[in-house]
Amino acid sequence: MTTVPYRFDQTSSAGEVVERWSGLAAGEESGDQVSVAGRVMLARPQGKLGFAELRDSSGAVQLFALDGVTRDFDAFRRLRLGDWVGASGEVVRTRRGELSVKVADWVLLAEARRPFGDKWRGVTDVETRFRQREVDLWANPESRRTLLMRSQLVRRMRERLWDMGFVEVETPILHPIPGGAHARPFATRFRALDMDVYLRIAPELYLKRLVVGGFEKVFEIGRLFRNEGMSPRHNPEFTTLELYQAYADYHDVMVLVEDLVSGLALDVLGSTSLTYQGRPLDLTAPWRRATLTELVAGQTGLDVSVRTPREELEKWARDAGVEVERSWGPGKLLLELYEKTTEGELWDPVFVYDYPKEVSPLARAHRDDPLLAERFEPVVAGRELGNAFSELVDPDEQLARFEEQVAARDAGDEEAMAVDTDYVRALEHGLPPTGGLGLGIDRLAMLFSDAAHIREVISFPMMRPERAEGEGRGGGEVGDDGEVGDDGEGPGGDREGGRRRGPGG
RNA sequence: GCGCCUCUAGCUCAAUGGCAGAGCAACGGACUCUUAAUCCGCAGGUUCCGGGUUCAAGUCCCGGGGGGCGCACCA
C-alpha cells in the first residue's frame, strides 16, 4: 500500500517556471530552487539520468533526474505515465536546451493504477472520452482548452453584465408548474408537501417577477432541463443566460446581444472573425436585421406573410416537407416554413425578428401589427443562439394567451403551457415595459470552440448508462419511468438557444 | 423511431472466408542530455454477446447490445 502525503508545497506552476526562466541558456544553471507538482506525461529514463515531462494546469516542465543527485533515483526512473509527482530542485536548462527542474527531492502524490492512453494519439474513442471524461481531459489537450475557454466565456459574460449594471440572481429550479418555454419537463416528487414538482424548463417567469419587484436589470446564468431528445446540439440539461431589462424593447435587446457576443469573442478569442466548421464566421457588430417574413420570402421566392391564406401556407409547408397538423394556424405554418427552408441557410449572424404572435405566448404584440409579436431570435451558423422579445406586460392578455395554451394542450399538444396564476397576479402588480433575452451558452461555446457536438463543451454530457456484460435488454423495465413526459418521442429537444415559447396553435 | 456505418491487446489501429498482428503503454534489461528518446528481450485476446452457414468465421447471414452519423422528431 502506497502512502502519499496529505499536502505538498508548490513554489511555482510549471508554466511559471518556463516563463520566468525563459532566458536561461542551454547548459546554464540558475541557482534557484523551485517545487513543482503535476502528472508525469512522458518518461525517458536514460541510464543514470532520467527525464520526465511534468504537466499541471498551467503547462508542462521537464524534470531532470540524476543518479546521486536525485533522492531515490531508482524509484524515480520507475515512475509510470500518469503518476502524480511533487518535485523540488534547481531550475536548469539542459545541454540540449530543455528548461528543467533538476530534481533533488521528490514525492509520489498519486499512483496511476490504470494505464494511460496512447501518448501520441491520445484517446479518440468517443465512448471513452465522455464516459471517462477525466481520461479525455488528461490525454487530449484540446478537450482541456475547450472547457477552459467555456469557463472564461462565462466569467467574462458575468463581468460584462455586472459592468452594465445587471444584478445576478438565482431563481428556483424546482417549479410547481413548468413554465416559460414550450417543452416537456422532468418531474419529481416533493414528499413534504405531497406534490409533484418539475425541474425548470426556463427561469423566465420568475425573473420577470423580480422585475415587477423592482430589479430593473436582472440576469441569471443557470441550468435548464428539458425532457426531450439528445442530438449533436441538444443535451437534456443545458445552460442559458436569461436577462431582463426594464424600459427596454426588443430593439434594445438586439443591440445588447450583438455587443455582448462580439465583445465576448474579443475577450475570449481575441477576434470577432472566427472559423466554424471550416467556414469563416464574422461576429462583428452590428448584425444584420431581417424580418422572418422577408427571409422566408427571399429564400423560397414565395410571397408569404402571416396574412397569406392558410391553405396556401399549408400547401407550401407540405411542399417543403413539413408534416402539417390540422390545428396549426397561419403563424405556426409560417414558422414551420421558416425553420424548414430558411433558418439553416443563415450563416453570418442575423436577428430574425417579428414572429407570428400565434407562436409567441409570452411576447408582446407588435406595436404596428396585431398578428405579429415583438420577438427575435439571433441566428448564427444556421442555428438559433437565443430568443428574445419585448415582454408581454398586460395581465389580461397574458391570461388569455395562457388559456389558448391550455386549449392547445387539451387538443393534444403535450408541451403547451399551463396557466400560471401566480405569474398573472404578479403582472397585475405592474410590469413596466421590459426587454428579455434567453441565450444558449452551450451553443455559444460551440461556436467559440469550433465544436460540432454539444458534448464537447459540457464537462459531463448525458450518456446512456453502461450495461453490465451480458445484461442485454430483455426483461427489465428500465425504460419508461414515468413521471411526466417520459417516452419523449423524439430527440431533438428544442433549441437550447433560449427560451422557447410558442403559442398554441 | 427509421436508415447507414462501426465494435479486434490497456491505448491507437492492421489482418482476400485460411495459423489474430503492429506501434505505443506494461513488464525485464542496456544507456550521463533525452524531447513521441533509442536498442535488446518478454508478455499481452471471450475479435461486444448469442445463434447460423461453411472443411474453415474477426471476416458472411440472423438476433441482441454499445457507439457514431444522418433523417425524423424537436413550432
Side-chain angles (χ1 to χ4, degrees), chain A residues 26-27 41-53 60 62-69 73 77-78 80-82 92-100 102 112-131 135 139 181-184 226-234 317 321-325 327-329 331-340 343 355-356 358-361 377 384 387 408 413-416 452-453 455 463-474 487-496 500-505:
Chain A
M41 298 303 291
L42 290 171
R44 295 179 287 273
Q46 165 142 356
K48 305 241 184 278
L49 300 180
F51 302 91
E53 180 184 311
Q62 179 170 269
L63 298 183
F64 176 31
L66 299 86
D67 193 12
V69 172
F73 178 80
R77 63 192 300 272
R78 282 197 305 272
R80 289 195 292 188
L81 301 193
V92 302
R93 193 176 291 279
T94 61
R95 284 179 222 154
R96 291 296 183 85
E98 185 75 22
L99 192 73
S100 309
K102 190 165 82 177
R113 298 196 190 184
R114 290 174 177 270
F116 239 59
D118 189 286
K119 68 184 175 187
W120 183 237
R121 302 202 231 189
V123 174
T124 58
D125 178 67
V126 172
E127 194 170 358
T128 304
R129 286 192 54 214
F130 295 101
R131 285 196 195 283
V135 172
H182 207 99
R184 288 173 197 250
R226 295 187 182 175
N227 202 344
E228 296 177 344
M230 293 165 57
S231 87
R233 284 164 292 282
H234 299 87
V322 175
E323 289 181 32
V324 175
E325 289 184 23
S327 61
W328 294 356
K332 169 66 170 169
L333 288 165
L334 180 60
L335 182 62
E336 286 286 329
L337 193 57
Y338 158 74
E339 295 195 339
K340 197 74 172 185
E343 185 177 81
Y355 279 62
E358 177 190 334
V359 294
S360 312
E377 292 189 354
E384 300 168 38
N387 191 5
D413 182 351
E414 296 182 53
E415 299 186 342
H453 204 296
R455 65 186 168 213
M463 301 284 285
R464 187 190 307 269
E466 288 180 271
R467 277 212 176 75
E469 291 253 323
E471 187 173 332
R473 162 173 277 236
D487 110 327
E489 48 204 81
D494 41 68
R495 345 178 152 255
E496 25 246 2
R500 164 216 227 126
R501 328 133 159 223

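Lettering of chains follows the sequences in order, A, B, ..., and the numbering in each one begins at 1. Here the structure is a predicted model, which means the values were calculated and not measured.
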Response to the item:
Contacts of A:Ala139 meeting side chain to side chain contact (heavy atoms under 4.5 Å, CB included) (sequence neighbours excluded), chain-then-number -> A:Val123
Response to the item:
Sorted by chain and residue number, the side chain to side chain donor-acceptor pair (under 3.5 Å) partners of A:Lys340 (sequence neighbours excluded) come out as none
Worksheet item: For RNA chain B, whose closest nucleotide is more 5', that of A:Glu325 or that of A:Ser100?
Response: A:Ser100
Item to complete: Write down the distance between CZ (A:Arg233) and P (B:C74), rounded to a whole number of angstrom.
Response: 15 Å
Practice prompt. Would you mind reporting whether A:Asn387 and A:Tyr355 have side-chain heavy atoms less than 4.5 Å apart?
Written response: no
Practice prompt. Please identify each residue that fulfils ring-ring contact (aromatic ring centres under 6.0 Å, His included) with A:Phe64, with sequence neighbours left out.
Written response: A:Phe51
Practice prompt. Output all residues satisfying side chain to side chain donor-acceptor pair (under 3.5 Å) with A:Arg80, sequence neighbours left out; order by chain, then residue number.
Written response: none
Worksheet item: Counting side-chain heavy atoms from CB outward, which of B:C33, B:C13, B:G70 is closest to A:Thr124?
Response: B:C13
Discussion item. My understanding is that only residues two or more places apart in sequence, or in another chain, count here; which of them pass side chain to side chain donor-acceptor pair (under 3.5 Å) with A:Asp125?
Written reply: A:Thr128
Discussion item. Once you apply a heavy-atom cut-off of 4.0 Å, does A:Arg77 come out as touching a base, just sugar-phosphate, or nothing?
Written reply: base
Find every protein N or O atom lying less than 3.5 Å from an N or O atom of nucleotides 3-8 of chain B, and list the pairs.
none

Response to the item:
Rounded to whole Å, the CZ-C1' distance (A:Arg95 to B:U35) equals 16 Å
Item to complete: Please list, chain by chain and in numerical order, all residues satisfying side chain to side chain contact (heavy atoms under 4.5 Å, CB included) with A:Leu99, sequence neighbours excluded.
Response: A:Val17, A:Val18, A:Trp21, A:Leu24, A:Val91, A:Arg93
Item to complete: To the nearest Å, give me how far apart CE (A:Met41) and P (B:U35) are.
Response: 18 Å
Item to complete: Would you indicate what A:Tyr338 reaches in the nucleic acid, counting non-hydrogen atoms under 4.0 angstrom: base, sugar-phosphate, or nothing?
Response: nothing
Worksheet, complete the sentence: Rounded to the nearest 0.5 Å, the CD atom of A:Gln46 sits from the CG atom of A:Leu66 at a distance of 11.0 Å
Fill in: Closest nucleotide among B:C33, B:G67, B:C11 to the A:Val126 side chain
B:G67
Worksheet entry | A:Leu42 CG to B:A36 C1', straight-line distance once rounded to whole Å | 7 Å
Worksheet item: Considering residues at least two apart in sequence or located in another chain, which fulfil the side chain to side chain contact (heavy atoms under 4.5 Å, CB included) criterion with A:Glu98?
Response: A:Gln62, A:Thr94, A:Ser100
Fill in: Separation of B:G10 C1' from A:Arg113 CZ (nearest whole Å)
16 Å
Worksheet entry | Among B:C11, B:C74, B:C33, the one nearest A:Val123 by side-chain distance | B:C11
Fill in: Distance below 4.0 Å between A:Thr94 side-chain N/O and B:U32 OP1 or OP2
no
Discussion item. Nearest whole Å is fine: how far is B:G10 P from A:Asp125 CG?
Written reply: 13 Å
Worksheet entry | Non-neighbouring partners of A:Phe73 that pass ring-ring contact (aromatic ring centres under 6.0 Å, His included), sequence neighbours left out | none
Worksheet item: Which of these nucleotides, B:C74, B:A26, B:U35, is closest to any side-chain atom of A:Gln62?
Response: B:U35
Fill in: N/O (side chain, A:Gln46) to phosphate O (OP1/OP2, B:C33) under 4.0 Å
yes
Worksheet item: To the side chain of A:Arg44, which of B:G66, B:U35, B:C74 is closest?
Response: B:U35
Fill in: Those residues that, when tested against A:Thr124, pass side chain to side chain donor-acceptor pair (under 3.5 Å) (two or more places apart)
none
Worksheet, complete the sentence: Stem ranges of RNA chain B by first residue number, counting only runs of at least 3 Watson-Crick or G-U pairs under 3.5 Å, come to B:1-7 with B:65-71, B:10-13 with B:21-24, B:27-30 with B:38-41, B:48-52 with B:60-64
Discussion item. Under 4.0 Å, heavy atoms only, any strand: does A:Pro356 hit a base, just the sugar-phosphate, or nothing?
Written reply: nothing
Worksheet item: Hey, does A:Lys102 reach any base, or is it just sugar-phosphate, or nothing, if we go heavy atoms under 4.0 Å?
Response: nothing
Worksheet item: Closer than 4.0 Å, any side-chain N/O of A:Arg455 to the OP1 or OP2 of B:G68?
Response: yes
Detail all sub-3.5 Å separations between protein N/O atoms and N/O atoms belonging to nucleotides 21-25 of chain B.
from  : atom 1 : to       : atom 2 : distance (Å)
B:G23 : N2     : A:Asp118 : OD2    : 2.8
B:C24 : O3'    : A:Lys119 : NZ     : 3.3
B:A25 : OP1    : A:Lys119 : NZ     : 2.8

Worksheet item: Within less than 4.0 Å of OP1 or OP2 of B:G66, is there a side-chain N or O belonging to A:Arg131?
Response: no
Discussion item. Under 4.0 Å from OP1 or OP2 of B:C74: is there any side-chain N or O of A:Lys332 that close?
Written reply: no
Practice prompt. Starting at atom CG of A:Leu63, determine the distance to atom P of B:C33, rounded to an integer number of angstrom.
Written response: 18 Å
Worksheet item: For the side chain of A:Glu98, counting heavy atoms from C-beta on, which of B:U35, B:U12, B:C31 is nearest?
Response: B:U35
Practice prompt. Look at the side-chain N and O atoms of A:His453 and state whether any lies under 4.0 Å from the OP1 or OP2 oxygen of B:C69.
Written response: yes
Discussion item. Over all strands shown, is A:Glu323 touching base, sugar-phosphate only, or nothing at heavy-atom distances under 4.0 angstrom?
Written reply: sugar-phosphate
Practice prompt. Could you tell me the separation between the NZ atom of A:Lys48 and the C1' atom of B:U32, rounded to a whole number of Å?
Written response: 9 Å
